[in-house]
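Written out below as structure tokens is the structure these notes cover.
Along the sequence shown, residues are numbered consecutively beginning with 1.
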Amino acid sequence: KMSPPAGDHHGGERKSFISIFAVSPKQRQRWGETQHLPHVVWGDIFYDLFYVAAAYNCGYMLYDHPDWTGVLYFLGCYGPTYSNFWFNKMLYDSKFEESGNFTNFLFETIQMLLLATSVLHSQNAYYMSKGSKYYYMFAFCGANTAAIFLYLIRYSKIALGWVRNGDSAKTAAKFEIIRIIPTFVTMICATNIAYQTFFSKSKYADYDGGNKDFEKVSRMLADKSYDIIDPKNMPIYLCFATWFIDPLTRFFVNFVLISKRNYRIRDVPIHVEYVSHRYMEFTMLMLGESVLSLLIVKIKQVQAYYITFTAGVVSIILLTSIHLASQPHHGESQALFRRERKEAFMVINKVYCAALVAVGVAFKLLLYEVIDYDKYTHEQHIFIAKMFSICLAIVCLSLDIMIVTHNGVKRSLERLNQPGTNQFKSGSFVIIIVSRLVIYLMLFFLFTYIDDPEVECMAGLSVLVVITIIRSMGRTMYPGEDVHDSVHHTDDGQSIRE
């Protein structure tokens, strides 16, 4: 961490001179131990501030290119920046703890420098696609590759036995290396292609790095002994592929290589309270980015502008309220305590945060449609409407899925039955299931054809109001069993009672 633990300020064990420079990491949590909420680490909050700029730059790709190209580069940059930096750091810190020493401080500093480099070069698709003229894609891929490599070094040290208080830390570190390697190889390929594109072709100013004039330039150079291969958008496609490679690898490691019978021998438990707080802090940043998208805009003194602006701000407020109401009251109710649900929650939360940023960008685009409607083509108007509706639907659907991961499928379905008699309740089915399906169908299909920005914003606000009412009715009329005050079981079978 950037600052030493609180205990270091109050005397205690005398440390050696060597420990000032390097101390082996310590396993944070043992199987069966009661988890206590750790002290706030201000360095983590500072680290998250880099993601304010990351979300803004990634969102600007959608704003500057409201088309499928913008979506590709948004996802291709947001995904690796999230997984290769924030997620890897959160997962490592939830399993291992390192005291304040120079080596750890140097590692954190290099990591933040690489993160800053990745964020800085997350520019719009125009620059990133022209790999022969601009090195943005190479710098982005290189920073991500280097960040993964540093975590491979960290886990390698633990796998070789440089760890304190570690029951199964060495074995767990080996499996973490297996988890990271596929993404690492993918990013190496993306970096290599971007490197070859820039350094082998940057001398030809007319070459467009995979754009429409490639054939023309190829003909110009046909009489010379230059072998030019057009990579098109291959680096960003590889970056986008990490959205699938990382969760699939985690699933393979956690459920194939580490079976349910031997996971306590082969893995190290995460500190659930720490992880849940980190997820909440990061999600709040993404919600804040949605607000930022609405506030940093031009102003047009017309009624439609302020109606659209008000609808957007109220919608974000409602989204925040719905998100907070969807969270378990106690840490023991988290999906992170359940081995099978944990992976699903982590994947959905990543999709949810990306969709929050996209919703904020969609609100910004709707405002700019009000300011200058003729600036966009008819196809772009339709695409903005579809992006807004679909991303809003993904946000709401992700919230519902995360609630199911917290409560479990069985406990969620119990709300549809009459307590005691176990009879099916049609009212519950209509309110909890059918109403949501109707809303999702409207968002995914009906609202995508509204090309009036004012109407689109009001329709989105209306959906969120209806969802808020439905959720309130569902909790009041069909509360089900209170999962927050019952006995909960962690992955190792330990019972925890609040």
Side-chain angles (χ1 to χ4, degrees), residues 1-3 40-64 73-94 98 100 104-124 127-128 135-151 153-154 180 183-184 187 190-191 236 239 242-243 246 274-293 295-296 346 349-358 360-361:
K1 302 294 182 291
M2 293 186 62
S3 60
V40 175
V41 181
W42 299 112
D44 287 341
I45 298 177
F46 176 75
Y47 186 85
D48 288 348
L49 293 178
F50 285 85
Y51 281 87
V52 176
Y56 182 84
N57 282 359
C58 291
Y60 187 78
M61 297 176 188
L62 284 176
Y63 167 76
D64 195 61
Y73 277 85
F74 167 74
L75 294 175
C77 290
Y78 183 92
T81 305
Y82 174 95
S83 298
N84 300 335
F85 291 94
W86 188 89
F87 181 80
N88 280 343
K89 173 179 169 58
M90 181 272 297
L91 197 61
Y92 181 88
D93 290 343
S94 69
E98 298 205 25
N104 185 57
F105 175 78
L106 181 63
F107 176 88
E108 296 286 349
T109 302
I110 295 174
Q111 274 286 318
M112 283 187 277
L113 180 60
L114 291 173
L115 175 57
T117 303
S118 176
V119 172
L120 176 65
H121 294 90
S122 298
Q123 299 295 324
N124 62 43
Y127 294 106
M128 298 194 76
Y135 55 82
Y136 295 171
M137 179 58 73
F138 168 67
F140 173 82
C141 295
N144 279 267
T145 304
I148 301 174
F149 179 70
L150 289 180
Y151 276 103
I153 294 176
R154 262 192 163 181
I180 292 175
T183 303
F184 182 57
M187 292 307 303
T191 304
I236 200 66
C239 292
T242 60
W243 276 83
D246 185 59
Y274 172 80
V275 174
S276 63
H277 276 74
R278 295 294 291 129
Y279 270 117
M280 179 61 76
E281 290 163 359
F282 189 85
T283 304
M284 287 295 106
L285 277 181
M286 298 302 103
L287 284 166
E289 188 63 35
S290 299
V291 176
L292 192 67
S293 297
L295 299 182
I296 304 181
M346 290 179 171
N349 193 274
K350 178 180 178 180
V351 175
Y352 171 65
C353 289
L356 284 175
V357 177
V361 175

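For S122 (side chain) and C58 (main-chain N/O), no donor-acceptor pair under 3.5 Å exists by modelled atom type. A donor-acceptor pair is defined here as one N or O able to donate and one able to accept, closer than 3.5 Å; no such pair exists between the side chain of S118 and the backbone of L114.
Among all heavy-atom pairs drawn from C239 and M187, the shortest one is SG-CE, 3.8 Å. When every heavy atom of P80 is checked against every heavy atom of T242, the shortest pair comes out as CG-OG1, 3.7 Å. Between Y78 and M286 the shortest heavy-atom distance is OH-SD, 3.5 Å. In this structure, T191 and G142 approach most closely via the heavy-atom pair OG1-N, 3.6 Å. The shortest non-hydrogen separation linking G360 to S293 is O-CB, 3.2 Å.
Judged by distance alone, the side chains of D44 and Y274 do bring a donor and an acceptor atom under 3.5 Å apart.
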Could you go through S83 and N88, starting from their C-alpha distance and side-chain angles, then the distance that decides it, and tell me whether this counts as side chain to side chain contact (heavy atoms under 4.5 Å, CB included)?
CA-CA 6 Å; S83 298; N88 280 343; 5.9 Å; no
Assess the residue pair W243 and K350 against the criterion (side chain to side chain contact (heavy atoms under 4.5 Å, CB included)); give the C-alpha distance rounded to whole Å, side-chain angles, the decisive distance to 0.1 Å, and a yes or no.
CA-CA 9 Å; W243 276 83; K350 178 180 178 180; 3.8 Å; yes
Under the criterion side chain to side chain contact (heavy atoms under 4.5 Å, CB included), I'd like the reasoning laid out for F87 against M346: C-alpha separation, chi angles, the key distance, then a yes or no.
CA-CA 9 Å; F87 181 80; M346 290 179 171; 3.8 Å; yes
Full working for side chain to side chain contact (heavy atoms under 4.5 Å, CB included) between Y63 and N124:
CA-CA 9 Å; Y63 167 76; N124 62 43; over 6 Å; no
Could you walk me through whether H121 and Y127 pass the ring-ring contact (aromatic ring centres under 6.0 Å, His included) check?
CA-CA 9 Å; H121 294 90; Y127 294 106; over 10 Å; no
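No side-chain heavy atom of W86 sits less than 4.5 Å from a side-chain heavy atom of L115. Looking at heavy atoms from C-beta onward, R154 lies in side-chain contact with N104 at the 4.5 angstrom threshold. Residues L356 and E289 have side chains not in contact (no heavy-atom distance under 4.5 Å, counting atoms from C-beta outward).
F107 CZ: more than 12 foreign heavy atoms inside a 6.0 Å radius. Other residues, nucleotides and ligands place no more than 12 heavy atoms under 6.0 Å from the CZ atom of F149.
Atom CD of Q123 sits about 6.0 Å away from atom OH of Y136, to the nearest 0.5 Å. To the nearest 0.5 angstrom, Y352 atom OH is 8.0 Å from N349 atom CG. Rounding to the nearest 0.5 angstrom, the gap separating the CG atom in L285 from the OG atom in S290 is 11.0 Å. In this structure, CD1 in I180 is found 11.0 Å from OH in Y92, a value given to the nearest 0.5 Å. Between the CZ atom of F184 and the CG atom of N84 there is a distance of 10.5 Å, given to the nearest 0.5 Å.
Relative to the ring axis of Y47, K89 places its NZ or CZ within 45° and under 6.0 Å from the centre.
Only one option out of I236, N57, N144, V119 pairs with C77 in a side chain to side chain contact (heavy atoms under 4.5 Å, CB included); it is I236. When each of F74, Y51, Y279, F282 is paired with Y82, the ring-ring contact (aromatic ring centres under 6.0 Å, His included) condition holds for F282 and for no other. Each of D48, T283, D93 was checked for a side chain to side chain donor-acceptor pair (under 3.5 Å) with R278, and the lone residue meeting it is D48.
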